[in-house]
Amino acid sequence: MSVKIWLPALYLILIVGCVQCATTHKHVHTHTKERTDDGAYAPRDAHHMEGGEHYSEFDHEAILGSVKEAEEFDNLSPEESKKRLAVLVTKMDQNSDGYVDRHELKVWILRSFISLAEEEASERFEDVDLNNDESVTWEEYLQETYGMDSEDEEGVRLPFEEPRNEEERKLILDDKEMFEAADSNHDNKLDSTEFVQFISPEEFPQMLPIILRQTLRVKDKNNDGRIDFQEFVGENAKDQDKEWLIVEMDKFKKDFDKDNDGFLNGNEILSWVVPSNDEVASDEVDHLFAASDDDHDDRLSHEEIIDNYDTFVGSEATDYGVHLQNIHHLDDEL
């Protein structure tokens, strides 16, 4: 077969593949209980930059406040994406002066983080509410989360199995403590609002004492109610070199030990294990301004935001253009 004959066929395969890539979402909504190596809650922008590569999905979700909507925008034409974004921009512009300033954008992003937590909890709620009575009992949560076989071969629901090891037992005890703290009306079950607090406790001030208590239980090896540097680095230090320890010591002293007493106490511990949405939102504002403030006047006009729609919300053309570019590179190589 000659090159001229099979090349068009290859192009057709690649183009079809590109269209499928453009319409298949990349949004992977990580659980807000995701932890880093040292046990801290992962910040919302944990996957914004990985391996030096920028993932625009976080930008889109930070503006839309919904993974589902971000996926929907992935499949819109540029025209429709701009049209819908224009409606959102008028809502971001709280004082209706024709511009979105840094404060307005930050307020919008923080609101989006709440919406994302609620959306995630809602999806999880549907899975855990086994009897569909609009509430989740502790037994339902145990069965859905830890039960190995929830039904036998005939579809009959089985009782919850005992913890299979000590690690699982500790996880269950922590979950039970968090469940009871989220049960604000003490009716031994969680409605949809309480369930958000249970699933994303780091988002709610009233849940922080539980997070602090559980962190001390795991990290405070000498039970003195505080965290020293050795407890801070924990088991991770065993296989690390001197350079790693120096970096961690610098982080311990400058980022967390605010009173310079050589220990982390109370709020210092929380600042370590609970990421600040306020800081994440500020960083995201800086990123979006750098990408779209074309006239550098430190405010975003409605036009600037809409012109940079692919940065804020994306559309099917965004991915398609990238893949089409790859095809052209392939053509040059062939």
Side-chain angles (χ1 to χ4, degrees), residues 26-59 61-62 113 163-175 177-178 200-203 207-288 290-291:
K26 298 178 182 177
H27 300 267
V28 179
H29 199 183
T30 56
H31 199 290
T32 49
K33 279 189 175 181
E34 182 183 358
R35 299 300 187 102
T36 60
D37 289 341
D38 60 9
Y41 286 84
R44 283 206 166 271
D45 61 347
H47 303 288
H48 196 192
M49 293 289 296
E50 286 189 346
E53 185 175 354
H54 171 252
Y55 289 92
S56 59
E57 289 81 6
F58 176 77
D59 301 325
E61 292 166 11
F113 289 166
R164 288 165 283 279
N165 53 56
E166 179 63 16
E167 182 64 26
E168 186 173 76
R169 187 187 72 81
K170 290 179 180 178
L171 288 173
I172 291 173
L173 289 175
D174 282 351
D175 280 354
E177 184 179 32
M178 200 68 74
S200 301
E202 73 278 16
E203 305 277 358
M207 302 296 285
L208 295 183
I210 311 302
I211 293 177
L212 177 59
R213 185 156 62 242
Q214 293 184 353
T215 301
L216 284 169
R217 194 152 58 223
V218 173
K219 297 288 186 178
D220 181 19
K221 300 302 182 181
N222 60 7
N223 298 313
D224 65 350
R226 55 189 183 176
I227 304 294
D228 59 30
F229 178 68
Q230 185 175 350
E231 291 168 333
F232 176 78
V233 293
E235 297 295 321
N236 294 329
K238 288 184 177 179
D239 303 318
Q240 303 296 334
D241 55 24
K242 182 179 179 181
E243 184 179 351
W244 182 88
L245 287 171
I246 292 173
V247 171
E248 291 301 304
M249 175 62 80
D250 188 65
K251 187 190 304 181
F252 180 87
K253 290 181 176 180
K254 294 183 178 180
D255 294 346
F256 304 120
D257 184 16
K258 299 301 183 181
D259 59 8
N260 299 310
D261 68 348
F263 300 92
L264 303 187
N265 305 274
N267 287 333
E268 292 175 333
I269 296 173
L270 288 174
S271 71
W272 164 39
V273 298
V274 179
S276 170
N277 278 347
D278 191 85
E279 292 179 6
V280 173
S282 293
D283 289 344
E284 179 65 2
V285 168
D286 290 342
H287 168 69
L288 292 174

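Here the structure is a predicted model, which is why all the values come from computation and not from measurement. Counting from 1, the numbers follow the sequence of the chain as shown.
We find that Lys254 and Asp250 are joined by a salt bridge, their nearest charged nitrogen and carboxylate oxygen being less than 4.0 Å apart. Lys253 and Glu248 are not joined by a salt bridge, as no carboxylate oxygen comes within less than 4.0 angstrom of a charged side-chain nitrogen.
The aromatic rings of Phe252 and Phe232 sit perpendicular to each other, their planes meeting at more than 60°, with 30° as the lower class boundary.
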Checklist entry - What's the verdict on side-chain contact (heavy atoms from CB on, under 4.5 Å) for Val280 and Asp283, showing C-alpha distance, side-chain angles and the deciding distance? => result CA-CA 5 Å; Val280 173; Asp283 289 344; 5.7 Å; no

Next on the checklist: Assess the residue pair Glu268 and Arg226 against the criterion (side-chain contact (heavy atoms from CB on, under 4.5 Å)); give the C-alpha distance rounded to whole Å, side-chain angles, the decisive distance to 0.1 Å, and a yes or no.
Outcome noted: CA-CA 10 Å; Glu268 292 175 333; Arg226 55 189 183 176; over 6 Å; no

Item to check | From CA spacing to verdict: side-chain contact (heavy atoms from CB on, under 4.5 Å), Thr215, Ile211 | outcome: CA-CA 6 Å; Thr215 301; Ile211 293 177; 4.0 Å; yes

Checklist entry - Can Trp244 and Asn236 be said to form a side-chain contact (heavy atoms from CB on, under 4.5 Å), step by step? => result CA-CA 10 Å; Trp244 182 88; Asn236 294 329; 3.9 Å; yes

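Counted within 6.0 Å of CD on Glu279, heavy atoms from surrounding residues, nucleotides or ligands total 12 or fewer; the atom is thus considered open. By the 6.0 Å contact criterion, CG on Asp278 is enclosed, its count of non-hydrogen atoms from other residues, nucleotides or ligands being greater than 12. Surrounding CD of Glu243 are at most 12 heavy atoms belonging to other residues, nucleotides or ligands under 6.0 Å away.
Formation of a donor-acceptor pair under 3.5 Å by the Asp220 side chain with backbone atoms of Asp224 is found in this model.
Across all non-hydrogen atoms, the minimal contact from Asn222 to Glu231 is OD1-OE2, 3.0 Å. Of all the heavy atoms in Ile227 and Lys219, the pair that sits closest is CD1-CB, 3.6 Å. The nearest pair of heavy atoms linking Ala237 to Leu245 is CB-CD2, 4.1 Å.
Separation of atoms CG (Asp174) and CZ (Arg169) is listed at 10.0 Å; rounding is to 0.5 Å. Interatomic distance, NZ of Lys258 versus CG of Asn265, reported as 14.0 Å (0.5 Å rounding). Within the model, atoms CE of Met178 and CZ of Arg213 stand 9.0 Å from one another, a figure rounded to the nearest 0.5 Å. Distance OG/Ser276 to CG/Leu270: 12.0 Å, rounded to 0.5 Å. Put simply, CG on Asp257 and CG on Asp259 are 5.0 Å apart, with the number rounded to the nearest 0.5 Å. For the atom pair Leu264 CG and Ser271 OG, the distance stands at 7.0 Å (nearest 0.5 Å).
Ser200 has its side chain within reach of Glu202: a pair of non-hydrogen atoms, C-beta onward, lies under 4.5 Å apart. Considering only heavy atoms from C-beta on, Glu177 comes within 4.5 Å of Gln214 through its side chain.
Residues passing the side chain to side chain contact (heavy atoms under 4.5 Å, CB included) test with Leu288, sequence neighbours excluded: Asp59, Ile63, Leu105, Ile109, Glu284, Thr311, Phe312.
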